[in-house]
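We use all heavy atoms of the structure for the numbers below, so side chains are in, but hydrogens, waters and symmetry mates are not. Keep in mind that what you see is a predicted model, and the values were worked out from it rather than measured.
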Amino acid sequence: MARTVRDATLESRTARDNLKISGKPHYKSIDSGLHLGYRKGKRGGKWVVRGYEGDGKYTVTTIGLSDDTQDADGVSVLNFSQAQAKARELFLKWGRQSHGLDVVPEGPYTVKNAIDDYLTDYDRRSGKSRSHMEASINAHIIPAMGNVEVAKLTQNRIKLWHEQISKTAARLRTRKGEGQQYREQPDTPDTIRKRRSTANKILTILKSALNYGYHEGRVASNSPWVNVKPFKNVDAPTIRYLNDKESKRLVNACPPDLRAMVTAALLTGARYGELTRLTASDFNPDSGTLYVSISKSGKDRHIALTDEGKDFFNRAIVGKLGSELIFRRTSGTPWGRAQQYRPLKDACKVAKIEPAIGFHILRHTYGSRLANRSVPMAVIAAQLGHADTRITEKHYAHLGPSYVADTVRNAFDKIGLLEDDNVVNM
């Protein structure tokens, strides 16, 4: 529940009795954009609500008598605590009306209601795929808290839920109709880090949904979750990528339909989903660019291609109309979600790449190759479609030029501790 605000000048009859009679209310902020006021008259006072509408405008209305001369009944005569509760209820109603929602929906507003509202808005404003996010919601948020009233959420409950996710084994991809399979329980520093990182991402989804409900006026207070903090220092993994020899071996080990997709990923850094949606008209041979209209960030981008990349796509679109997909499976059907997983795993086995990589590592390979060749982080971010350079720097900055590393290597002379030998790593 929302915290009752304390105020020494308003919360008791005795304190209010010491205030001067005035037509101007004495206001106290009780929530962001919401003030409770007390207007003192000759025969007692009244409670007034002032709510911020935006653009410097406020809505002001009287909500009841104060309990200066009568005992509070919670309806027409209110004490300081009751006045706060009624002010928040009214403010919530104003927020809904401002968005075309005339009445508060029947029944309590639950976490599932908040999730549904957030996903609807997510589709409206972003256009990004929500399938991965929805999978996390259905696995971790709805079963644990879907039926909980948002007004009854507590900070401690959210903290315990967040902690529990970090201690449970990660879910494995499972065939439809089979019981859910899991990885081993996290018990090493890296597996614990990964589970905490996952827990942080799911916490972000929950807080985003609850914050949306709060800002839309469906929730009176955000205090139960605003101070729940994510785990620290869990998002700094070592990024894996293939060298050029491994990339060639993998391409050669792939069946023809997957080979085209893997080659495209290595030459563009595009995501699997982005590649599956490419049409022949998305490739511009004159400018040597590839247009990605729908991306994870919700923004389109143009990928600059190398000569090798231009040659590849010139061959890939031969005989295709502008609206035709560039990449299809051997059966002629479009590539679907996760259909690359098993054939890529098999190709890794043939190419002797252990452990087997996921398709996303091809994207890391592209970004790492650019970083190793001193390409500025801003350019890599633009090619990969990152919103800014923060993610790019986290993943690839250590591969680029380093003043510290160059200074140490130039200054630290060879000691001569190792004997010369002819052993070469194959």
Side-chain angles (χ1 to χ4, degrees), residues 127-135 171-178 181 240-242 244 246-285 289-297 300-303 305-306 308-367 383-385:
K128 298 185 288 184
S129 172
R130 74 183 203 184
S131 58
H132 184 73
M133 178 173 62
E134 234 175 344
R171 295 157 63 97
L172 285 170
R173 192 182 304 276
T174 306
R175 292 181 183 275
K176 190 174 182 179
E178 295 182 359
Q181 302 294 311
R240 187 182 177 193
Y241 62 93
L242 304 180
D244 288 354
E246 289 173 323
S247 296
K248 292 176 183 177
R249 292 206 312 267
L250 179 61
V251 168
N252 291 333
C254 290
D257 53 356
L258 181 63
R259 183 181 306 152
M261 288 280 285
V262 169
T263 302
L266 290 168
L267 293 174
T268 65
R271 301 176 178 90
Y272 172 76
E274 294 170 345
L275 293 174
T276 63
R277 291 187 290 267
L278 287 177
T279 63
S281 62
D282 291 327
F283 170 57
N284 188 326
T289 57
L290 190 68
Y291 176 60
V292 177
S293 60
I294 302 176
S295 68
K296 183 179 178 181
S297 66
D300 60 352
R301 72 182 188 279
H302 294 269
I303 300 174
L305 299 173
T306 62
E308 186 178 17
K310 287 186 285 187
D311 289 343
F312 169 77
F313 279 98
N314 270 317
R315 299 176 190 179
I317 65 170
V318 170
K320 291 184 174 68
L321 299 175
S323 60
E324 286 188 63
L325 293 175
I326 296 178
F327 304 110
R328 288 182 177 271
R329 303 183 72 189
T330 302
S331 62
T333 59
W335 284 93
R337 184 175 179 270
Q339 287 181 335
Q340 85 290 1
Y341 178 77
R342 293 188 184 280
L344 183 59
K345 184 178 180 180
D346 293 339
C348 286
K349 185 175 182 180
V350 174
K352 293 181 170 51
I353 295 175
E354 297 179 359
I357 65 165
F359 200 89
H360 201 71
I361 298 301
L362 305 175
R363 178 173 166 84
H364 287 320
T365 298
Y366 177 85
Q383 287 287 95
L384 294 177

Evaluate the side-chain proximity of [Y] to [X]: yes if any heavy-atom separation is below 4.5 Å, no if none is.
{"X": "Tyr291", "Y": "Asn284", "value": "no"}
{"X": "Ile326", "Y": "Leu275", "value": "no"}
{"X": "Leu250", "Y": "Leu362", "value": "yes"}

Measure the [atom1]-[atom2] distance between [X] and [Y] for me, rounded to the nearest 0.5 Å.
{"X": "Glu274", "Y": "Leu290", "atom1": "CD", "atom2": "CG", "value": "9.5 Å"}
{"X": "Leu305", "Y": "Thr289", "atom1": "CG", "atom2": "OG1", "value": "7.0 Å"}
{"X": "Ser247", "Y": "Ile361", "atom1": "OG", "atom2": "CD1", "value": "11.5 Å"}
{"X": "Arg277", "Y": "Tyr272", "atom1": "CZ", "atom2": "OH", "value": "10.5 Å"}

- Query: Between the main-chain N or O of Leu242 and the side-chain N or O of Thr365, is there a donor-acceptor pair closer than 3.5 Å?
  - Reply: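 Checked: pair present.
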- Task: If a pair satisfies salt bridge (Lys or Arg N to Asp or Glu O under 4.0 Å) and one of its residues is in residues 310-334, list it, with sequence neighbours excluded.
- Result: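 As it turns out, the salt bridge (Lys or Arg N to Asp or Glu O under 4.0 Å) pairs with a partner in residues 310-334, which skip direct neighbours, are Asp307-Lys310.
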- Keeping to residues at least two apart or across chains, list the salt bridge (Lys or Arg N to Asp or Glu O under 4.0 Å) pairs with something in residues 341-366.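 Residue pairs with at least one partner in residues 341-366: there are none.
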- Which pairs count as ring-ring contact (aromatic ring centres under 6.0 Å, His included) when at least one residue sits in residues 308-328, sequence neighbours excluded?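 Checked against ring-ring contact (aromatic ring centres under 6.0 Å, His included) - neighbours excluded - the pairs reaching residues 308-328 are Phe283-Phe313.
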- Where Asn314 and Pro285 come nearest, the two heavy atoms and their spacing: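 Smallest interatomic distance, heavy atoms only, reads OD1-CB, 3.8 Å.
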- Item | Considering all heavy atoms, the nearest Ile303-Ala270 contact |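 Result for this residue pair: CD1-CB, 4.3 Å.
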Return all side-chain donor-acceptor pairs below 3.5 angstrom for residues 252-265, not counting sequence neighbours, or 'none' if the list is empty.
| residue | atom | partner | partner atom | Å |
| --- | --- | --- | --- | --- |
| Asn252 | ND2 | Lys248 | O | 3.1 |
| Asp257 | OD2 | Thr330 | N | 3.1 |
| Asp257 | OD2 | Thr330 | OG1 | 3.1 |
| Arg259 | NE | Val251 | O | 3.2 |
| Arg259 | NE | Cys254 | O | 3.3 |
| Arg259 | NH2 | Cys254 | O | 2.8 |
| Thr263 | OG1 | Arg259 | O | 2.7 |

- Message: Tyr341: which residues meet the side-chain contact (heavy atoms from CB on, under 4.5 Å) condition with it, sequence neighbours left out?
- Response: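 Tyr341: side-chain contact (heavy atoms from CB on, under 4.5 Å) contacts with Arg173.
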Name all residues meeting the side chain to side chain donor-acceptor pair (under 3.5 Å) criterion together with [X]; count only those two or more places apart in sequence or in a different chain, and write none if there are none.
{"X": "Thr279", "value": "Ser281, Asp282"}
{"X": "Glu134", "value": "Arg130"}
{"X": "Thr306", "value": "none"}

